[in-house]
Protein chains: 2
Amino acid sequence: MTSDICYCSSLRAAERRMTRAYDDALAPSGINVAQFSLLRKIQRNEPASLTRIGEIMDLDRSTVGRNIRVLAKLGLTEIATGEDLRESSVMLTEQGRQTIATALPLWQATQEKIETILGGDMAKALQTLPTAF
Amino acid sequence: MTSDICYCSSLRAAERRMTRAYDDALAPSGINVAQFSLLRKIQRNEPASLTRIGEIMDLDRSTVGRNIRVLAKLGLTEIATGEDLRESSVMLTEQGRQTIATALPLWQATQEKIETILGGDMAKALQTLPTAF
DNA sequence: TCATGATGCGGGCATATACCCGTAAATCGG
DNA sequence: CCGATTTACGGGTATATGCCCGCATCATGA
């Protein structure tokens with residue numbers, strides 16, 4: 001029979017641990033790793049609609065909307081109405097850019113730490129995992 | 001420089017996808033993969049305290065408590081007071097055992113599907129990932 | 001141009017998760 | 001045996017996430 005260990009539970013446990021590691025590292029910047037990731041996605045697609053960001057990140061649109069509202073509350077994003085009046089046009093504020101700049105080296109240090117611990121093969125495999133199934 | 005791709009974000013995205021896959025597969029049983037995992041942990045450690053389960057699953061104790069209350073609401077678990085009056089003594093109900101029995105083949109089929117897609121090496125690596133860092 | 005259908009969102013509802021604080025019970029020292 | 005410390009929880013607060021429903025706007029075809 002196949003393994004008794006649930007792949008999904010393993011993945012979920014690993015996700016919790018790694019998220020904690022990154023969140024701890026990013027704490028001085030005032031944002032967590034999910035927010036950091038979202039900010040960077042916005043930066044690379046500015047101005048972007050919620051639906052677009054959701055597609056890129058494989059996140060439910062409503063999740064993106066809520067998460068961005070949290071960032072807006074922190075003063076890191078601005079939400080305007082697009083030409084298409086149905087669309088939200090999301091952009092970073094200056095403070096948002098600043099926060100990314102602050103978080104970047106913290107993130108990078110964590111990346112290196114994780115890369116060292118996991119080893120090159122595992123690290124690479126991890127990066128392709130989301131598209132592997 | 002190290003990779004531009006965030007290991008944590010990759011892991012989180014993979015977790016979302018895989019969780020969706022398992023949740024969809026388990027849907028007929030009425031529980032999701034997190035609940036299935038928790039039920040099985042309870043089963044293997046019955047009767048267990050919340051703290052104990054939290055340690056085993058590397059979950060915050062308060063999270064365990066809330067999640068088990070959801071299971072209790074579904075009639076799948078019973079929560080009694082232990083000898084130590086501070087402790088909760090968590091056990092499965094008959095319906096809880098029944099639900100595990102229903103979910104088991106659904107879970108197993110998904111395990112096999114995932115295993116096939118990922119390949120043996122990757123699958124094995126995934127299982128050890130939570131303890132890898 | 002106007003009815004229809006498609007699209008973009010917000011809000012409601014629910015779960016999973018973490019952290020912190022306060023309370024009650026158990027344990028340990030003196 | 002009693003006060004101090006430790007332990008086990010519950011509840012509050014907050015984020016992240018998904019699904020569904022309803023509303024407003026846009027696009028399309030007759």
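None of these values were measured; they are calculated from a predicted model. To find a chain, count down the sequence lines: A is the first, B the second, and so on, and within it residues start at 1.
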Checklist outcome for this item: Atom OH of B/Tyr22 and atom P of C/dA16 are separated, to the nearest Å, by 17 Å
Checklist entry - Between A/Glu15 and A/Ala48, which is nearer to the 5' end of DNA chain C once each is assigned its nearest nucleotide? => result A/Ala48
Checklist entry - Which part of the nucleic acid does A/Thr63 contact within heavy-atom distance under 4.0 Å: base, sugar-phosphate only, or nothing? => result base
Checklist entry - How long is the line joining CG of B/Leu50 and C1' of D/dG10, in whole Å? => result 10 Å
Checklist entry - Do B/Arg69 and D/dG10 share a donor-acceptor pair, side chain to base, under 3.5 Å? => result no
Checklist outcome for this item: note: A/Asp60, atom CG; C/dC13, atom P; distance rounded to Å ~ 17 Å
Checklist entry - So do A/Thr77 and A/Leu39 actually touch side chain to side chain, heavy atoms under 4.5 Å? => result yes
Next on the checklist: Rounded to whole Å, how long is the line connecting atom CD1 of B/Ile53 with atom C1' of C/dA16?
Outcome noted: 16 Å
Item to check | Residue-phosphate contact under 4.0 Å: B/Asn32 side-chain N/O, C/dT15 OP1/OP2 | outcome: no
Checklist entry - With a 4.5 Å limit on heavy-atom distance, are the side chains of B/Leu74 and B/Gln95 in contact? => result no
Item to check | Exercise: identify the closest heavy-atom pair between B/Glu115 and B/Ala123 | outcome: CG-CB, 4.3 Å
Please list every donor-acceptor pair under 3.5 Å in which a side-chain atom of residues 55-70 of chain B meets a protein atom from a residue at least two apart or in another chain.
from, atom 1, to, atom 2, distance (Å)
B/Asp58, OD2, A/Arg17, NE, 3.1
B/Asp58, OD2, A/Arg20, NH2, 3.2
B/Asp60, OD2, B/Ser62, N, 2.9
B/Asp60, OD2, B/Ser62, OG, 2.6

Next on the checklist: At a heavy-atom distance below 4.0 Å, what parts of residues 73-95 of chain B sit against DNA chain C?
Outcome noted: B/Lys73, B/Glu83, B/Asp84, B/Leu85, B/Arg86
Checklist entry - For A/Ala48 and A/Ile53, which heavy atoms make the closest approach, and how far apart are they? => result CB-CG1, 3.7 Å
Checklist entry - Do the side-chain N or O atoms of A/Thr51 get closer than 4.0 angstrom to the phosphate oxygens (OP1, OP2) of C/dC9? => result yes
Checklist outcome for this item: Whichever of B/Arg61 and B/Val70 has the more 5' nearest nucleotide on DNA chain C, that residue is B/Val70
Checklist entry - What does B/Arg16 touch in the nucleic acid at a heavy-atom separation under 4.0 angstrom: a base, only the sugar-phosphate, or nothing? => result sugar-phosphate
Checklist entry - Is there a path of hydrophobic side-chain contacts, each under 4.5 Å between heavy atoms of I, L, V, M, F, W or Y residues, that connects A/Leu129 with A/Ile117? => result yes
Next on the checklist: With a cut-off of less than 4.0 Å, is there a side-chain N or O of A/Asn67 near OP1 or OP2 of D/dT17?
Outcome noted: yes
Checklist entry - Do A/Leu38 and A/Leu104 belong together in a cluster built from hydrophobic side chains that touch within less than 4.5 Å? => result yes
Item to check | Given C/dA18, D/dT17, D/dC9, the nucleotide with the shortest approach to the side chain of A/Arg20 | outcome: C/dA18
Checklist entry - A/Arg12 CZ to D/dA16 P: how many Å, rounded? => result 16 Å
Checklist entry - Less than 3.5 Å between a donor and an acceptor, one on the side chain of A/Ser62 and one on the base of C/dC9, is that the case here? => result no
